[in-house]
Amino acid sequence: MAPDAGDRGLGERPAGRVLGPEFFVRDTLEVARELCGKLLVREQDGQVRYGRLVELEAYLGPDDLAAHSSRGRTPRTSVMFGPPGHAYVYLIYGQYHCLNFVTRPEGQPQAILVRALEPGPGVGRCGGPGLLTRALDIDRRLNGIPLAPPPLYVVDDGFRPERVVQTPRVGVEYSGVPWAEEPWRFCVPGLFLSRRLPASEEVRAHRVQQRARGPR
DNA sequence: AGCGGGATTAGC
DNA sequence: CTAATCCCGCTT
């Protein structure tokens, strides 16, 4: 008899390597860049949904004044000060949740914000940090959990993006120079980004796509 | 106890 | 450009 796994539209775990603490403990900018193109997987009630990470921002606290951890350890930000490879989830503007991956060893409060996801199986529209968490039903219940299956984890399925573009981070103007200008937003050019890239990069991305499509 | 603001989004 | 919406962190 066929086992009932994979039936009823539950979906299956994507093939690949699950990224653990040894991946996230490294230099935050390096981790952010390498996360581009990896799969974010959400498991809930036996259901598996996932999408590909296409936009991430590094927050290098405590020195980085745009990072929550720059104001010291508080109940809200305590997870950022903890061990790597954990989810830091917080509520923003009273209505949206933002998902971060904690990086660096315990005591170094750095993290990577997930800003956009190219939707995969079971994932609807999700163009922005507050919308992708809604699409994957991620909220503060998941704050502080280790990134491991289940219920939330990252998979390297072997895909390597052709290009990764860096720009300044979004919505941190208040932190002032140089923090507001550091190019710590990492994007895989294409649709699904939370915001458009600088015009020069859009043109480049368009050319790359045309070349990939081929002439005619 | 009160107050101001925010790593966002949708709508005018 | 602005309202929505509420938790958090700091001041009183």
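Just so we're on the same page: letters track the sequence lines, and every chain starts at 1. Computed from a predicted structure; not experimentally measured.
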S.K.: From C-beta outward on A/L131, which listed nucleotide comes closest to its side chain: C/dC6, B/dA7, B/dA10?
M.R.: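 Nearest listed nucleotide: B/dA10.
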S.K.: B/dA7 C1' sits how many Å from A/E181 CD, rounded?
M.R.: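 Going from CD in A/E181 over to C1' in B/dA7 covers 17 Å.
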S.K.: Between A/D157 and A/K38 (salt bridge meaning N to carboxylate O under 4.0 Å), is one present in this structure?
M.R.: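 No salt bridge links A/D157 with A/K38.
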S.K.: Should A/L131 and A/V170 be counted in the same cluster of Ile, Leu, Val, Met, Phe, Trp and Tyr side chains packed under 4.5 Å apart?
M.R.: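 No; A/V170 is not reachable from A/L131 via cluster members.
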S.K.: Take A/D64 and A/R169, measure what salt bridge (charged side-chain N to carboxylate O under 4.0 Å, His left out) needs, and give me the verdict at the end.
M.R.: CA-CA 12 Å; A/D64 175 6; A/R169 295 170 293 183; 2.6 Å; yes
S.K.: Would you check if A/Y93 stacks with the base of B/dT8, given a 5.5 Å centroid limit and a 30° plane limit, both strict?
M.R.: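 Taking the rule of under 5.5 Å and under 30°, the ring of A/Y93 does stack on B/dT8.
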S.K.: Would you kindly compare A/R125 and A/Y174 by the position of their nearest DNA chain B nucleotide and give the one closer to the 5′ end?
M.R.: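 It is A/Y174, whose closest nucleotide lies nearer the 5' terminus.
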S.K.: Roughly how many Å is it from OH in A/Y90 to C1' in C/dT5, rounded to a whole number?
M.R.: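 Atom-to-atom, A/Y90 to C/dT5, this comes out as 16 Å.
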S.K.: Starting the side chain at C-beta, find the nucleotide from C/dC8, B/dA7, C/dA4 nearest to A/Q95.
M.R.: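 Closest nucleotide to the A/Q95 side chain: C/dA4.
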S.K.: Just checking A/Y90 against A/H68, ring centres under 6.0 Å apart?
M.R.: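 Aromatic pair counts; centres sit under 6.0 Å.
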S.K.: Using whole Å, report how far CZ of A/R140 lies from C1' of C/dC6.
M.R.: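 Those two atoms, CZ and C1', are 9 Å apart.
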S.K.: Starting the side chain at C-beta, find the nucleotide from B/dA7, B/dT9, C/dC7 nearest to A/I92.
M.R.: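 Shortest atom-to-atom distance from the side chain points to B/dA7.
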S.K.: Could you state the CG-C1' distance from A/N143 to B/dA7, rounded to the nearest angstrom?
M.R.: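 So the CG-C1' distance, A/N143 to B/dA7, works out to 15 Å.
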S.K.: Applying side chain to side chain contact (heavy atoms under 4.5 Å, CB included) between A/L35 and each of A/T103, A/L56, A/D156, A/L40, report the one that passes.
M.R.: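 Passing option: A/L56.
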S.K.: Between the side chains of A/R115 and A/E55, is the shortest nitrogen-to-carboxylate-oxygen separation below 4.0 Å, so that they form an ion pair?
M.R.: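 A salt bridge links A/E55 with A/R115.
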S.K.: Could you give the NE2-to-P distance, from A/H97 to C/dC6, as a whole number of Å?
M.R.: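 One finds 11 Å between P of C/dC6 and NE2 of A/H97, rounded.
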S.K.: For A/E57, answer base if it contacts any base atom (sugar-phosphate contacts may also be present), sugar-phosphate if it contacts only those atoms, and nothing otherwise; contact means non-hydrogen atoms under 4.0 Å.
M.R.: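 Nothing: the residue A/E57, judged by heavy atoms under 4.0 Å, touches no strand.
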S.K.: Between B/dT8 and A/R115, is there an OP1 or OP2 to side-chain N/O distance shorter than 4.0 Å?
M.R.: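 For B/dT8, OP1 or OP2 has a side-chain N or O of A/R115 closer than 4.0 Å.
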S.K.: Which nucleotide wins on minimum distance to the side chain of A/T74, given the candidates C/dG9, B/dA7, C/dC7?
M.R.: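 Within the option list, the nearest is C/dG9.
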S.K.: Report the distance from atom CG of A/L113 to atom C1' of B/dT8, rounded to the nearest whole Å.
M.R.: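 A/L113 atom CG is separated from B/dT8 atom C1' by 11 Å.
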S.K.: May I ask you to check if A/R26 and A/F23 form a cation-pi contact, with NZ or CZ under 6.0 angstrom from the six-membered ring centre and within 45° of the axis?
M.R.: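 Yes, a cation-pi geometry holds between A/R26 and A/F23.
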S.K.: Between C1' on B/dA7 and CG on A/D64, what's the gap in Å once rounded to a whole number?
M.R.: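 Answer to the nearest Å: 10 Å.
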S.K.: Starting at NE2 of A/H68 and ending at P of B/dG5, how long is that distance when rounded to a whole Å?
M.R.: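 Roughly 16 Å, once rounded to whole Å.
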S.K.: Report the residue from A/I112, A/V89, A/L117, A/L142 that forms a side chain to side chain contact (heavy atoms under 4.5 Å, CB included) with A/L99.
M.R.: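 The single option meeting the side chain to side chain contact (heavy atoms under 4.5 Å, CB included) with A/L99 is A/V89.
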S.K.: Just to be sure I understand: a Watson-Crick pair is purine N1 to pyrimidine N3 plus N6-O4 or O6-N4, both under 3.5 Å. Using that and G-U wobbles, which stems of three or more pairs involve DNA chain C?
M.R.: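 Output for stems: B:1-6 with C:6-11, B:8-11 with C:1-4.
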S.K.: B/dG5, OP1 or OP2 - any side-chain N/O from A/R71 closer than 4.0 Å?
M.R.: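 Result: no.
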S.K.: Please pick, from B/dA7, C/dG9, C/dC7, the nucleotide with the shortest atom-to-atom distance to any side-chain atom of A/R76.
M.R.: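 Given the options B/dA7, C/dG9, C/dC7, the side chain of A/R76 is closest to C/dG9.
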S.K.: So what does A/L91 touch, heavy atoms closer than 4.0 Å: a base, only the sugar-phosphate, or nothing?
M.R.: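 Sugar-phosphate contact only - A/L91 comes under 4.0 Å of backbone atoms but never of a base.
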S.K.: Base, sugar-phosphate or nothing for A/R185? Non-hydrogen atoms, less than 4.0 Å.
M.R.: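 No contact.
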